[in-house]
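Below, chain A is the first sequence line, B the second, and so on; all start at residue 1.
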Amino acid sequence: MNIFRLFGDLSHLLAIIILLLKIWKTRSCAGISGKSQILFAIVYTSRYLDLMTTYISAYNTFMKIVFVATSYATVFLMYMKFKATYDRNHDTFRIEFLIVPAVILALVINQEFTVLEVLWTFSIYLESVAILPQLFLVSKTGEAESITSHYLFALGSYRALYLLNWVYRYYAEDHYDLIAIVAGLVQTVLYCDFFYLYITKVLKGKKLQLPA
Amino acid sequence: TVIDHSHDEL
């Protein structure tokens, strides 16, 4: 465990907490893409099946359980408890266009053709694009609440910090995982436009509003 | 360099 990875994980955890608090406190999930949240639930479910087979550390187990549980909790809040506030008219991204290619790619490009390994690879590919419905929703409405922007910034920072972690591990531990690195790069690149708007607008106290 | 299969990251 190095500092980049620790901060990456904490940033990921912070993103989840911000999102749950936003929904809970405002009793509303307006501006949040339920499609992205469903994708995240699929991502963590397929990736963390190794909870049953491999023990790495108490930290690892704890975080995995938290990520799986909170992803389902978010989906529950959006589609059941605060269903009335869900922005379904704007959340129209077709997630099968992300799931199907991720499945095919995982079947073709993987390190080992076993059920767990293909599911892990699928989750890595799917995670890299899972934020697209959320970014699509923001572009459709043309704006995002500050709290939603903070959520997106924390969530985007997590994989960016993992990239630094992978650079560090490559040199310090002679360790690398090409599938995770390439997918992590894609994932981080997708946030670049948002990062730019966040730094130039939200941090200066303005609302994130896209040019008309 | 070792290719990792253990997936010790999150």
Next on the checklist: Going by salt bridge (Lys or Arg N to Asp or Glu O under 4.0 Å), name the residues that satisfy it together with A:D50, two or more places apart in sequence or in a different chain.
Outcome noted: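 In terms of salt bridge (Lys or Arg N to Asp or Glu O under 4.0 Å), with neighbours along the sequence ignored, A:D50 is linked to A:K64.
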Checklist entry - Got A:R47 and B:H7 here, is their nearest side-chain heavy-atom distance under 4.5 Å? => result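 Contact flag for A:R47/B:H7 side chains = no.
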Checklist entry - So do B:L10 and A:Y158 actually touch side chain to side chain, heavy atoms under 4.5 Å? => result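 No; the side chains remain at least 4.5 Å from each other.
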Item to check | OH (A:Y168) with more than 12 external heavy atoms under 6.0 Å | outcome: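 Counting neighbours around OH of A:Y168, 12 or fewer heavy atoms of other residues, nucleotides or ligands fall under 6.0 Å, so no.
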Next on the checklist: Tell me whether A:F82 at atom CZ has more than 12 heavy atoms from other residues, nucleotides or ligands lying less than 6.0 Å away.
Outcome noted: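 For A:F82, atom CZ is crowded (more than 12 foreign heavy atoms under 6.0 Å).
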Checklist entry - Which bit of A:Y162 comes within less than 4.5 Å of chain B, counting heavy atoms only: side chain, backbone, both or neither? => result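 The side chain, not the backbone.
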Next on the checklist: Quick check on A:Y55 against chain B: is it the side chain, the backbone, both or neither that has a heavy atom closer than 4.5 Å?
Outcome noted: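 No part of A:Y55 comes within 4.5 Å of chain B.
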Review item, side-chain donor-acceptor pairs of residues 182-191 of chain A, under 3.5 Å, at least two apart:
residue: A:Q187; atom: NE2; partner: A:E127; partner atom: OE2; Å: 3.1
residue: A:T188; atom: OG1; partner: A:G184; partner atom: O; Å: 2.8

Checklist entry - In Å, rounded to the nearest 0.5 Å, how long is the span from CZ of A:R169 to CG of B:D8? => result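 The distance works out to 4.0 Å.
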Checklist entry - When only heavy atoms count and the cut-off is under 4.5 Å, which of residues 98-106 of chain A reach chain B? => result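 The stretch does not come within 4.5 Å of chain B.
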Checklist entry - Will you find, in the side chains of B:E9 and A:N60, an N or O donor that is under 3.5 Å from an N or O acceptor? => result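 The criterion, which ignores hydrogens and geometry beyond distance, is not satisfied for A:N60 and B:E9.
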Show the atom names and distances, to 0.1 Å, of all donor-acceptor pairs under 3.5 Å that link a side chain in residues 65-72 of chain A to residues at least two apart or in another chain.
residue: A:T70; atom: OG1; partner: A:V66; partner atom: O; Å: 2.6
residue: A:T70; atom: OG1; partner: A:F67; partner atom: O; Å: 3.3
residue: A:S71; atom: OG; partner: A:F67; partner atom: O; Å: 3.3
residue: A:S71; atom: OG; partner: A:V68; partner atom: O; Å: 2.8
residue: A:Y72; atom: OH; partner: A:T45; partner atom: OG1; Å: 2.7

